[in-house]
Number of protein chains: 2
Amino acid sequence: MDKQRRDKKEEASTQGRPTLKTLAFMTGLGVTTVSRALKDAPEIGAETRRRVQLVAKQIGYRPNRAGVRLRTGRTNVISLVLNTDREIMSFVSDIIYGVSEVLAETPYHLIVTPYSRSQDPLEPIRYLVETGSADGVIISRTQPNDPRARYMLEHGMPFATHGRTDMGVVHPYHDFDNHAFAIEAVRRLASMGRRKLALLSPPPGLTYYSHTLNGFADALSEVGASEIPFNTVSIDHSIEQIRSRTAQLMRRENRPDGFVSSAAAATLAIVAGIEDAGLKLGRDVDVVSKQSSDLLHLFRPELLVVNENFRLAGSELARSVLGWIGGAAPGSLQSLSLPGEVQAYQRPAD
Amino acid sequence: MDKQRRDKKEEASTQGRPTLKTLAFMTGLGVTTVSRALKDAPEIGAETRRRVQLVAKQIGYRPNRAGVRLRTGRTNVISLVLNTDREIMSFVSDIIYGVSEVLAETPYHLIVTPYSRSQDPLEPIRYLVETGSADGVIISRTQPNDPRARYMLEHGMPFATHGRTDMGVVHPYHDFDNHAFAIEAVRRLASMGRRKLALLSPPPGLTYYSHTLNGFADALSEVGASEIPFNTVSIDHSIEQIRSRTAQLMRRENRPDGFVSSAAAATLAIVAGIEDAGLKLGRDVDVVSKQSSDLLHLFRPELLVVNENFRLAGSELARSVLGWIGGAAPGSLQSLSLPGEVQAYQRPAD
DNA sequence: TTGGCAATCTGTAACGTTTCAGTATATCTA
DNA sequence: TAGATATACTGAAACGTTACAGATTGCCAA
């Protein structure tokens, strides 16, 4: 019995991965003291604290995540909830990189929680909340009245949304100012003499759909241009659909002489549709498009682009959730990213 | 003392989230029995087993991950290790989706572990192994002699590589057959009468660099075409660099009349460079490019494309690691994806 | 009847952490 | 000098799970 006890103590020094017990053994202190010393608790003597922290660093102690999680309920995990079929183009990776960048400096891990078209978007959120699998959540494709945001608010799960809601509740978000984007886009087209503008909008359910539409409408009346309706299709539609609808539209009597496109991939389809109709970009019609990587000007030099930085969005979202988890006021964790200058094509120096 | 015991027991029924203790209380069994009944242990009576599983399903019992992890060391986590600055285009999201798709049917979570140019690529791997943060790892940008693969083999961490190694050791991988891609590409160019071909290769350090080069060389001699060296640049270089080098090359006396490009984004730059030099795609030169999403034909109809399915790669990689974790022979968990047909442009039906 | 043996079930300990409720010592107050 | 008080530390319990080492029961062979 006594022998067993001694054996147990001694094991601590020889084990594979150091634990609090190892540190306690090495320093001659109790595990409690070691635990507290590592988190700078005030009731630990200054010298003891330094000594423990030194030894911990020396032997490369890292707290066991399962132990912490089991005891405290804190997971040190942020979950990024993604729709696996919609978000087609690359911006997902940018967001992930942005989030990672911020989390890298923290003990947090990033887990990706997917859901697909067949599922209720609420389902992965419920899972996360019910199982307590994350300390914070980031969602995208935010809706004006977003059941996911409501659910998490009700259940006390910190989160940040990519895009704003419109439910009269306050929560962290990061958004790109799509209202401003649409205004700038229209102004630019107007300044080139374009007067009949079409908008390829975001999908109607999402909040930034109306932001974009409002900006578009505001700017239209400001510059005295008119809208050619193009609302049978959105950036969520397939490339083929957008292309053929654009071609249809461009073959009509009353066709637009300017396009505003909310997504880069869709812009490729718009341009293809324009050319299918036998028209020429830059001569018959101009197109302003959002893009997240600087590739559109290679596609057609005549394209006008506005950059949206998704990596930045990822970082901001991560900072926001962490802030909320850390106790900051949700209202102070909201940010809006303004569109960069509308950029015309510039040939790079050789 | 006795009172306390009773209180403790009763708490089990009223708690927020059901645990084994809750189930034990409800069924009148011991926690051990419940635990075993849930995992179909043979020493549990058939009726008891069914009863426990029924109740568990009814009240929505889900094992506490922290508990399992602490006790068993199993994390139920697969880590996807990503370089945050290199992998520029969108294929990262496809891989993630592919992995997610497979993991969704399992208790596994996907965590994304990033590393950046400044870091030793081995560092995140060491972290994962030392802290036991994952049961399996997926890596990309695989090298012929890959220190990460070696390290994980030595430390008994199951993994799968995107791309093969060449170290004389066997481990799970998924790879796209870049040798076959290069051959098909060259053949296609040759069949169009192209005789002087340039290759924009993958970055030299990676395994598929030589696969691509070998395929290219093999096919060149097969069809009797010659190579115009273009090895001052690779798909890892910036768009601007590739563009200006291409333009330089195309202004030379002895310029290529065909390109093989290993990445879609780079192809945009190649075409831009060609046009910078005043030449025309399809007339003066043809280009065969890999692509992961079907957008290149919108860019220039004359482009010849070969599709690489990264979503499939993700799924295969996930299946491979899971297989290894499940005890399958690593040698049986290798797969190679053949390039689809070289696709010429087809105008979609309106 | 007794011992043995299979079939079922159970309590206890342990994983690594934090928190609660202390204990021991030194220092001050009256 | 006695008691209070602050300082620095400690053991035990608990989070939820699984594994080890039994315990109880019924049944069969001897």
Side-chain angles (χ1 to χ4, degrees), chain A residues 1 4-5 7-9 11-12 15-52 56 59-76 107 130-133, chain B residues 1 4-5 7-9 11-12 15-52 56 59-76 107 130-133:
Chain A
M1 174 66 193
Q4 277 196 356
R5 279 222 127 198
D7 286 352
K8 208 201 283 182
K9 278 258 171 182
E11 271 179 348
Q15 235 134 22
R17 180 161 167 223
T19 70
L20 287 183
K21 214 196 287 180
T22 320
L23 285 177
F25 177 75
M26 295 181 75
T27 56
L29 297 164
V31 279
T32 306
T33 310
V34 172
S35 172
R36 298 184 123 139
L38 288 177
K39 47 176 59 68
D40 286 323
E43 64 267 56
I44 302 297
E47 197 211 304
T48 307
R49 187 157 45 207
R50 274 185 298 120
R51 194 159 60 91
V52 170
I59 66 174
Y61 168 78
R62 290 168 185 277
N64 179 304
R65 312 189 111 234
V68 177
R69 181 164 171 178
L70 183 57
R71 178 65 237 248
T72 65
R74 262 191 321 117
T75 62
N76 282 322
E130 281 172 8
T131 65
S133 293
Chain B
M1 176 66 193
Q4 278 195 358
R5 280 223 126 198
D7 285 353
K8 209 202 281 183
K9 277 259 170 181
E11 270 178 349
Q15 235 136 20
R17 181 164 164 218
T19 71
L20 287 183
K21 212 195 289 182
T22 320
L23 285 177
F25 177 76
M26 295 180 75
T27 56
L29 297 164
V31 278
T32 304
T33 310
V34 172
S35 172
R36 299 186 121 139
L38 288 176
K39 47 176 59 68
D40 285 323
E43 64 267 55
I44 301 298
E47 196 212 306
T48 307
R49 188 158 43 209
R50 274 185 297 119
R51 194 160 59 92
V52 170
I59 66 173
Y61 167 77
R62 291 169 186 277
N64 179 306
R65 312 190 111 234
V68 177
R69 180 164 171 177
L70 183 57
R71 180 63 238 245
T72 65
R74 262 192 319 118
T75 62
N76 281 322
E130 281 172 8
T131 64
S133 293

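Here is how names work: the chains are called A, B, and so on, in the same order as the sequence lines, proteins then strands, and each is numbered from 1.
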Participant: What is the distance, rounded to the nearest whole Å, between atom CZ of A:Arg65 and atom P of D:dC15?
Facilitator: 22 Å

Participant: Between D:dT17 atom P and A:Arg69 atom CZ, what is the distance in whole Å?
Facilitator: 12 Å

Participant: Contact class for A:Gly132 vs. all strands (heavy atom < 4.0 Å): base, sugar-phosphate, or nothing?
Facilitator: nothing

Participant: Counting only N and O atoms by type, is there a donor-acceptor contact under 3.5 Å from the side chain of B:Thr72 to the main-chain atoms of B:Val68?
Facilitator: yes

Participant: Does the C:dT8 base have a donor-acceptor partner in the side chain of B:Thr48 within less than 3.5 Å?
Facilitator: no

Participant: Does any N or O donor sit under 3.5 Å from an N or O acceptor when you compare the side chain of B:Ser35 with the base of D:dA19?
Facilitator: no

Participant: When rounded to the nearest 0.5 angstrom, what distance separates CD1 in A:Ile59 from CG in A:Leu23?
Facilitator: 4.5 Å

Participant: Quick one: does A:Arg65's side chain get under 4.5 Å of B:Thr75's, heavy atoms only?
Facilitator: no

Participant: Can a donor-acceptor pair be found, under 3.5 Å and without considering hydrogens, that links the side chain of A:Arg17 to the backbone of B:Thr131?
Facilitator: yes

Participant: Would you classify B:Gly67 as touching base, sugar-phosphate or nothing, given that sugar-phosphate means primed atoms plus P, OP1 and OP2, and contacts are heavy atoms under 4.0 Å?
Facilitator: base

Participant: Does a nitrogen or oxygen in the side chain of A:Thr32 sit under 4.0 Å from OP1 or OP2 of D:dC9?
Facilitator: no

Participant: Ignoring hydrogens and geometry beyond distance, is the side chain of A:Arg36 in donor-acceptor contact with the base of D:dT10 at under 3.5 Å?
Facilitator: yes

Participant: Quickly work out the B:Glu43 CD to D:dT25 C1' distance and round it to whole Å.
Facilitator: 16 Å

Participant: Specify the separation, in whole Å, of atom CZ of B:Phe25 and atom C1' of D:dG16.
Facilitator: 18 Å

Participant: Side-chain N or O of B:Lys21 less than 4.0 angstrom from OP1 or OP2 on D:dG16?
Facilitator: no

Participant: Which comes earlier along DNA chain D counting from the 5' end, the contact point of B:Val31 or that of A:Pro42, where each point is its nearest nucleotide?
Facilitator: A:Pro42

Participant: May I ask you to say what B:Ile44 touches in the nucleic acid, namely base, sugar-phosphate or nothing, with a heavy-atom cut-off under 4.0 Å?
Facilitator: sugar-phosphate

Participant: Once you apply a heavy-atom cut-off of 4.0 Å, does B:Thr72 come out as touching a base, just sugar-phosphate, or nothing?
Facilitator: sugar-phosphate

Participant: Taking the minimum atom-to-atom distance to the side chain of B:Lys39, which one of D:dT18, D:dC9, D:dT17 wins?
Facilitator: D:dT18

Participant: CZ of B:Arg74 versus P of D:dG16: gap in Å, rounded?
Facilitator: 18 Å

Participant: Mind calculating the distance between CG (B:Leu20) and P (C:dT10) to the nearest angstrom?
Facilitator: 13 Å

Participant: Please report, rounded to the nearest Å, how far the P atom of D:dA14 is from the CG atom of B:Asn64.
Facilitator: 17 Å

Participant: Is a side-chain donor or acceptor of A:Arg36 paired with a backbone partner of A:Glu43 at a separation under 3.5 angstrom?
Facilitator: no

Participant: Can you check the A:Leu70 CG to D:dT18 P distance for me, whole Å?
Facilitator: 12 Å

Participant: Side chain of A:Leu29: nearest nucleotide among C:dG16, D:dT17, D:dT10?
Facilitator: D:dT10

Participant: Do any N or O atoms from the side chain of A:Arg69 and from the backbone of A:Asn76 form a donor-acceptor pair under 3.5 angstrom?
Facilitator: no

Participant: Quick one: on DNA chain C, does A:Arg62 or B:Ala46 contact a more 5' nucleotide (nearest heavy atom)?
Facilitator: B:Ala46

